[in-house]
2 protein chains.
Amino acid sequence: MAEKITSLQVAQRAGVSQSAVSRVFTPGASVSKKTADKVRKAARELGYRPNVLARAMVKGQSRIIGLVVGYLDNYFYPKAMELLSTSLQEQGYHLLIFMAPQTGENIDGVMDEILDYQVDGIVLASVAMSSEISSRCQQAGVPVVLFNRNQDIDGITSVTSDNYAGGRKVAEFLLAAGHEKIGYIAGWVGASTQRDREAGFRAALHQAGRDIDAYEIGNFNTETARQAARNMFDTAPEKRPDALFVANDHMAIATLDVLRFELGLRVPEDVSVIGYDDVPPASWPAYNLTTMRQRARTMVDETVNALMEHIQSPDIARPRRVAIDGPLIVRTSARLPQGWTPKG
Amino acid sequence: MAEKITSLQVAQRAGVSQSAVSRVFTPGASVSKKTADKVRKAARELGYRPNVLARAMVKGQSRIIGLVVGYLDNYFYPKAMELLSTSLQEQGYHLLIFMAPQTGENIDGVMDEILDYQVDGIVLASVAMSSEISSRCQQAGVPVVLFNRNQDIDGITSVTSDNYAGGRKVAEFLLAAGHEKIGYIAGWVGASTQRDREAGFRAALHQAGRDIDAYEIGNFNTETARQAARNMFDTAPEKRPDALFVANDHMAIATLDVLRFELGLRVPEDVSVIGYDDVPPASWPAYNLTTMRQRARTMVDETVNALMEHIQSPDIARPRRVAIDGPLIVRTSARLPQGWTPKG
DNA sequence: ATGAAAGCGCTAACAA
DNA sequence: TTGTTAGCGCTTTCAT
């Protein structure tokens, strides 16, 4: 049956006090080698392990980080999550998962649940957050970091790729290749990633006296993106864009399939397509998608750093807004600019 | 700063005892409406929420389920994980994530960590387990379910797809289509999924007086699978298999790319390819992979059921071995048998 | 229906 | 270095 071994039982077996046992299992405590040996022996024999929850209660630190994630359809997230989990694990923390309700923005309920677990920190992946919740977390002393989203709320830490710069790079690449009619398939308009990518893209276009020539909304959703692609390209050749920026890779891949298999267009001969994220399928030979890379590893490192800083010194640590630069990964889904060489 | 509101503070404000507050937040307790109202009001004003960890300590139930997962490269797992998390959340449980160390089979350390958190149950996804650990969990009274793996350990619950039956179906489909030389690219040989798929495949072949004509090991790894495909197909046409079963979709997709883009073969005209899992990319038009579907939703439901049963009645619940049947999803990567129609 | 009191398993002063 | 003691925030008898 469920035999829970407590420190008291170990203490009795080792012939020491219960607090002695506690000290043996507390890194910085002062115990004589002799006591430690006795305790360890007894513990081993009994199969004792400290109860993390009890420790959490008295120390006020659970060593649990709450992760709220909306959906895992975008393959950028599983990878990020794996890295995040591993990285935190190395620091002695673990992720407690909360799926955000798909419908509506009822993050509030989830946040309450999270706080109930006395988490030491919260990572919000691709999830928006009201300033009300933000202040509630702040009041509860729980650091929050927005992963792959940022928000105009004061004092909230966020880690994203540099979406604005990324959008610019894509535009510049397309412009340099001499494209004449440029289309854009947007993500969900409520997302900061979408907004910033589009803003950067547009800014670089404007700078060249140009603008987006065809615009559709794909909502970061595969099916919607397919339809968007049809709307934009199922038309007379002279009215079709010859270049397309899609706000993320998954939509770009769906678009690529529509272009090739439904509409019989050649990529990049008829249309250049560029995505954003550099998820693994982007590099699969069937797609070979030119795309802006999001550096998951760096983003995760920054997230963990921010979290640890706030946990270790809540007073000193200030909120920050990290935007990670990334390279444009040039593959074969977009025409190369004249004179472009692999090295740049 | 970090102002934690306790039930005592609520009690004082409401002018009742601390235990009254506890009762109000305990589903089945007996409290008068009047008291409940006072308490709720005070709680709302103070922003009080019960501390899950404290509750866990006294009740001996953490409402946390540990999930050990090896890697998320196979897109079957993110989906399964999402379903699992959502399903558990509905029952008031949450997943605590532990990444299994990639190198070696040192699951033991991870399991210890998990047990330290006093989890109410453990799900092992694609991870093997020693019988020693199994009995330790049993001794600790923590139910374990193996997800997508099974093992010849007595009394351990597992949930998988019916890999043996799946392997058979693939062989039968290939045989019916009249293929003459049949290849197999295996997964990691230590995995029960690999073993059972191959066994079923081979059994059906034997039954027809046939056998696997070409065999390579892909280890469930993309790069290894590519190399396996080259080894098997980069040869004279008459020595090449005209049909190939690959132990999972991700390897199948990698293989498909090698066949088409490196070796210039046509699929399915030159080679029929069948995978296993039915991950989302399998249905992308560029691949259109014929594959055995693993029913993630059903597998997750069974997993949750088994867990809940063991948690609610530890004595009555017996271990079980669930193998979920799935359909062969017929797309265009494999030649159709004569007279085959979409409906069956 | 309600309050007082005991205790879940642990850490952290405080003495000794 | 070690034992004693007092909690961490809660649930749960046990009286009333």
Side-chain angles (χ1 to χ4, degrees), chain A residues 2-40 42-43 46-64 92 115-120 140-142, chain B residues 2-40 42-43 46-64 92 115-120 140-142:
Chain A
E3 294 290 338
K4 299 280 179 200
I5 310 298
T6 71
S7 58
L8 183 61
Q9 300 173 52
V10 176
Q12 288 167 343
R13 182 173 243 263
V16 298
S17 75
Q18 182 272 325
S19 41
V21 177
S22 172
R23 287 194 188 95
V24 172
F25 288 93
T26 305
S30 82
V31 219
S32 71
K33 187 177 182 320
K34 209 180 111 202
T35 310
D37 286 345
K38 279 193 298 187
V39 169
R40 274 189 222 288
L46 258 34
Y48 168 78
R49 305 218 94 221
N51 181 330
V52 173
L53 263 34
R55 175 179 293 170
M57 264 209 44
V58 35
K59 300 185 65 148
Q61 298 223 334
S62 61
R63 306 210 74 104
I64 293 176
L115 292 172
D116 293 351
Y117 276 91
Q118 310 299 115
V119 296
D120 292 344
V142 178
Chain B
E3 293 291 338
K4 300 279 183 202
I5 309 297
T6 72
S7 58
L8 183 62
Q9 300 175 50
V10 176
Q12 289 167 341
R13 182 174 244 261
V16 297
S17 75
Q18 182 271 327
S19 38
V21 176
S22 173
R23 288 193 186 96
V24 172
F25 288 93
T26 304
S30 83
V31 220
S32 70
K33 188 176 181 320
K34 210 180 109 199
T35 309
D37 287 344
K38 278 193 299 188
V39 169
R40 274 188 220 290
L46 258 35
Y48 168 79
R49 306 217 93 220
N51 181 330
V52 173
L53 263 36
R55 174 179 294 170
M57 263 209 45
V58 35
K59 300 185 62 150
Q61 297 222 336
S62 61
R63 306 211 72 105
I64 293 177
L115 292 172
D116 293 351
Y117 276 91
Q118 311 297 115
V119 295
D120 292 343
V142 179

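Below, chain A is the first sequence line, B the second, and so on; all start at residue 1. Just the heavy atoms: all of them, side chains too, but no hydrogens, waters or symmetry mates, feed the values below.
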Quiz item: If only side-chain N and O atoms of A/Ser7 are considered, is one of them under 4.0 Å from the OP1 or OP2 phosphate oxygen of C/dG9?
Solution: no
Considering only nitrogen or oxygen atoms on both sides, find all protein atoms under 3.5 Å from nucleotides 3-5 of chain D and state each distance.
from  : atom 1 : to      : atom 2 : distance (Å)
D/dG3 : OP2    : A/Ser17 : N      : 3.1
D/dG3 : OP2    : A/Ser17 : OG     : 3.0
D/dG3 : N7     : A/Arg23 : NH1    : 3.4
D/dG3 : N7     : A/Arg23 : NH2    : 3.3
D/dG3 : O6     : A/Arg23 : NH2    : 2.5
D/dT4 : O4     : A/Ser19 : OG     : 3.3

Quiz item: With a 4.0 Å cut-off on heavy atoms, is B/Ser22 in touch with a base, just the backbone sugar-phosphate, or nothing at all?
Solution: base
Quiz item: Could you state the CD-P distance from A/Gln118 to D/dG9, rounded to the nearest angstrom?
Solution: 8 Å
Quiz item: Rounded to the Å, how far apart are B/Leu53 CG and D/dT11 P?
Solution: 12 Å
Practice problem: Taking all non-hydrogen atoms of both residues into account, name the closest pair between A/Arg55 and A/Phe25 and its distance. | Solution: NH2-O, 3.5 Å
Quiz prompt | Rounded distance (Å) that lies between atom P of D/dC10 and atom CG of A/Asp116 | solution = 10 Å
Quiz item: Between A/Ala20 and A/Thr35, what is the shortest heavy-atom contact and its length?
Solution: CB-CG2, 4.3 Å
Exercise. Select from A/Thr26 and B/Ala54 the residue whose nearest nucleotide in DNA chain C is closer to the 5' end of that strand.
Key: B/Ala54
Practice problem: Quick one: label A/Thr6 by what it contacts on the DNA or RNA (base, sugar-phosphate, nothing), any heavy atom closer than 4.0 Å. | Solution: sugar-phosphate
Practice problem: Identify the two heavy atoms, one from A/Ala140 and one from B/Lys4, that lie closest to each other, and give their separation to 0.1 Å. | Solution: O-NZ, 3.6 Å
Practice problem: With the side chain counted from C-beta on, respond yes when A/Pro50 and A/Tyr48 share a heavy-atom pair under 4.5 Å apart, and no when they do not. | Solution: yes
Quiz prompt | Integer-rounded Å distance: C/dG9 C1' and A/Phe25 CZ | solution = 13 Å
Quiz item: Among the nucleotides C/dC10, D/dT2, D/dT11, which one has an atom lying closest to any side-chain atom of A/Val31?
Solution: D/dT2
Quiz item: What's the NZ-P distance between A/Lys38 and D/dT1, to the nearest Å?
Solution: 15 Å
Quiz item: So what does B/Tyr48 hit on the nucleic acid, given a heavy-atom distance under 4.0 Å: a base, only sugar-phosphate, or nothing?
Solution: sugar-phosphate
Quiz item: Starting at CG of A/Leu115 and ending at P of D/dG9, how long is that distance when rounded to a whole Å?
Solution: 15 Å
Self-check item: Rounded distance in Å - CG (B/Leu8) to C1' (C/dG3)
Solution: 13 Å
Quiz item: For D/dT2, does OP1 or OP2 lie under 4.0 Å from any side-chain N or O of A/Ser32?
Solution: yes
Quiz item: With B/Ser7, which of B/Gln18, B/Gln12, B/Arg49 fulfils side chain to side chain donor-acceptor pair (under 3.5 Å)?
Solution: B/Gln18
Quiz item: Would you call A/Arg13 and A/Val10 a side-chain contact if the rule is heavy atoms closer than 4.5 Å?
Solution: no
Quiz item: Between atom CE in B/Met57 and atom P in D/dG9, what is the gap in whole Å?
Solution: 12 Å
Quiz item: When we call it a touch if two heavy atoms are under 4.0 Å apart, what does B/Ser30 touch: a base, just sugar-phosphate, or nothing?
Solution: base
Self-check item: Spatial distance of atom CE (A/Met57) from atom CG (B/Asn51) [nearest 0.5 Å]
Solution: 6.5 Å
